[in-house]
Amino acid sequence: MDRTDPDYAPLDFVAARQRMVDAQIRPSQVGNATIIAAMRTVPRERAVPDALRAFAYSDQNLPLGEGRYLTEPRVTGRMLQVADLRHGERVLVVAAGTGYLAALLGAMALELHVTALESDPRLATMGKALCAACAPGVQWCDGPLVKGAPASAPYDLIFIDGAVRAVPQAIVEQLAQGGRIIAPIAPASGVTSVSRIAATAQGSAVQPLFEAAVPVLPELAPAPAFVF
């Protein structure tokens, strides 16, 4: 919009944030007061490119470029709800992107120890700026998503902020005993479901929790098979 237009009025992001919570988050089985408070506070408009700020509080995944997306608010809220967050936990966010989920976790009054892992420098720059403003305790790690962030492991809770066919074993191995992973699992055929994954002696156990239309993370997508 042309800011020199006499009819131009800047968007009221604070009001949009409250409408998002009341119209999208609370009706989606998100009742945890700590989550609600964080989502009413963290400026989601700072987690998207300038051209998309007007859509920051819409109920859709927003493109960030290179096949990456900011997950729609309803799914983010429900992922936090089903994670059963506990005071003082060590939390890793894989594919932290522009930092929205990490900032929410860091802004909660739970004294969580949050590590954000991102491989894309452009997205990480945005995420670090958002967290510096809203959740300065979040620690950022730059590196391949598939390797996790072993330097700060083990983690009580790991989020993957994007869909995967399966959780890489290196990430499963960074769970503390009794820890859990919350991630959208997208089978090769079928419906994507946000799931709880726990480590087992045989590898991992997956419990689907709710369906969600979350794009697959390109970096963690399986390589295409050759067909002869």
Side-chain angles (χ1 to χ4, degrees), residues 20 24 42-80 83 91-105 114-131 138 140-149 158-172 174 181-195 197 204 206 208-227:
M20 175 194 74
Q24 299 177 46
V42 174
R44 184 176 164 87
E45 71 273 10
R46 294 187 60 175
V48 296
D50 288 345
L52 292 177
R53 284 196 165 194
F55 304 97
Y57 294 98
S58 60
D59 55 347
Q60 60 183 312
N61 302 308
L62 294 177
L64 301 173
E66 304 297 328
R68 296 290 297 276
Y69 289 82
L70 177 63
T71 304
E72 69 170 291
R74 177 187 62 85
V75 174
T76 298
R78 289 197 70 185
M79 286 177 67
L80 290 166
V91 184
L92 172 65
V93 180
V94 176
T98 53
Y100 183 62
L101 177 55
L104 289 172
L105 290 161
V114 182
T115 299
L117 170 66
E118 181 50 55
S119 58
D120 185 318
R122 177 181 57 89
L123 300 182
T125 295
M126 293 179 64
K128 290 172 184 178
L130 174 60
C131 287
V138 173
W140 279 79
C141 177
D142 303 317
L145 305 183
V146 70
K147 294 184 178 180
I158 298 174
F159 287 97
I160 301 181
D161 199 5
V164 295
R165 298 281 185 244
V167 178
Q169 186 58 31
I171 292 175
V172 175
Q174 290 168 29
I181 298 171
I182 302 295
I185 302 297
S189 61
V191 178
T192 299
S193 295
V194 170
S195 304
I197 300 96
S204 60
V206 179
L209 300 173
F210 64 91
E211 295 180 3
V214 179
V216 172
L217 288 164
E219 188 174 333
L220 296 183
F226 289 102
V227 178

Output all residues satisfying salt bridge (Lys or Arg N to Asp or Glu O under 4.0 Å) with [X], sequence neighbours left out; order by chain, then residue number.
X	answer
Arg74	Glu72
Arg44	none
Glu45	Arg17
Arg78	none

Which heavy-atom pair separates [X] from [Y] by the least distance, and what is that distance?
X	Y	value
Val75	Ala212	CG2-CB, 3.9 Å
Ile197	Ser204	CG2-CB, 3.7 Å
Thr115	Ala149	CG2-CB, 4.3 Å
Ala183	Ile160	CB-CB, 3.8 Å
Ala96	Ala116	CB-CB, 3.6 Å

Side chain to side chain contact (heavy atoms under 4.5 Å, CB included) with [X]: which residues, sequence neighbours excluded?
X	answer
Val191	Glu211
Pro187	none
Thr192	Ala163, Pro184, Ala186

Between [atom1] on residue [X] and [atom2] on residue [Y], distance to nearest 0.5 Å:
X	Y	atom1	atom2	result
Phe159	Thr71	CZ	OG1	11.5 Å
Ile171	Leu92	CD1	CG	7.0 Å
Leu70	Asn61	CG	CG	8.0 Å
Leu209	Met79	CG	CE	10.0 Å
Asp161	Leu117	CG	CG	11.5 Å
Leu101	Ile182	CG	CD1	11.0 Å

Report all side-chain donor-acceptor pairs from residues 119-131 shorter than 3.5 Å, counting only partners two or more places apart or in another chain.
from	atom 1	to	atom 2	distance (Å)
Ser119	OG	Glu219	OE1	2.4
Asp120	OD1	Arg122	N	2.9
Asp120	OD1	Leu123	N	3.3
Arg122	NH1	Leu64	O	2.9
Arg122	NH2	Leu64	O	2.8
Thr125	OG1	Pro121	O	2.9
Lys128	NZ	Asp142	OD1	3.3
Lys128	NZ	Asp142	OD2	3.1

Between Val172 and Ile181, is there a side-chain heavy-atom distance shorter than 4.5 Å?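 A side-chain contact exists here, since the closest heavy-atom pair is under 4.5 Å.
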
- Query: Given side chains that start at C-beta, do those of Leu145 and Pro168 come closer than 4.5 Å, heavy atoms only?
  - Reply: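 With C-beta onward as the side chain, the pair stays apart.
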
Applying side chain to side chain contact (heavy atoms under 4.5 Å, CB included) to Val48 and Tyr100, what does each step give before you reach the verdict? CA-CA 9 Å; Val48 296; Tyr100 183 62; over 6 Å; no

Are any side-chain N or O atoms of Gln24 and backbone N or O atoms of Gly77, one a donor and one an acceptor, separated by less than 3.5 Å?
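No, because the side chain of Gln24 does not come within donor-acceptor range (under 3.5 Å) of the backbone of Gly77.
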
Keeping the roles fixed (side chain from Gln174, backbone from Lys147), state whether a donor-acceptor pair exists under 3.5 Å.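 Indeed, once roles are kept as given, a pair shorter than 3.5 Å links the two residues.
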
Val164: which of Ile185, Val94, Val214 passes side chain to side chain contact (heavy atoms under 4.5 Å, CB included)
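Testing Val164 for a side chain to side chain contact (heavy atoms under 4.5 Å, CB included) against Ile185, Val94, Val214 leaves exactly one candidate, Ile185.
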
Listed by chain and number, what are the side-chain hydrogen bond (donor to acceptor under 3.5 Å, both in side chains) partners of [X], not counting sequence neighbours?
X	value
Asp59	none
Thr76	none
Gln60	Ser58
Tyr69	none

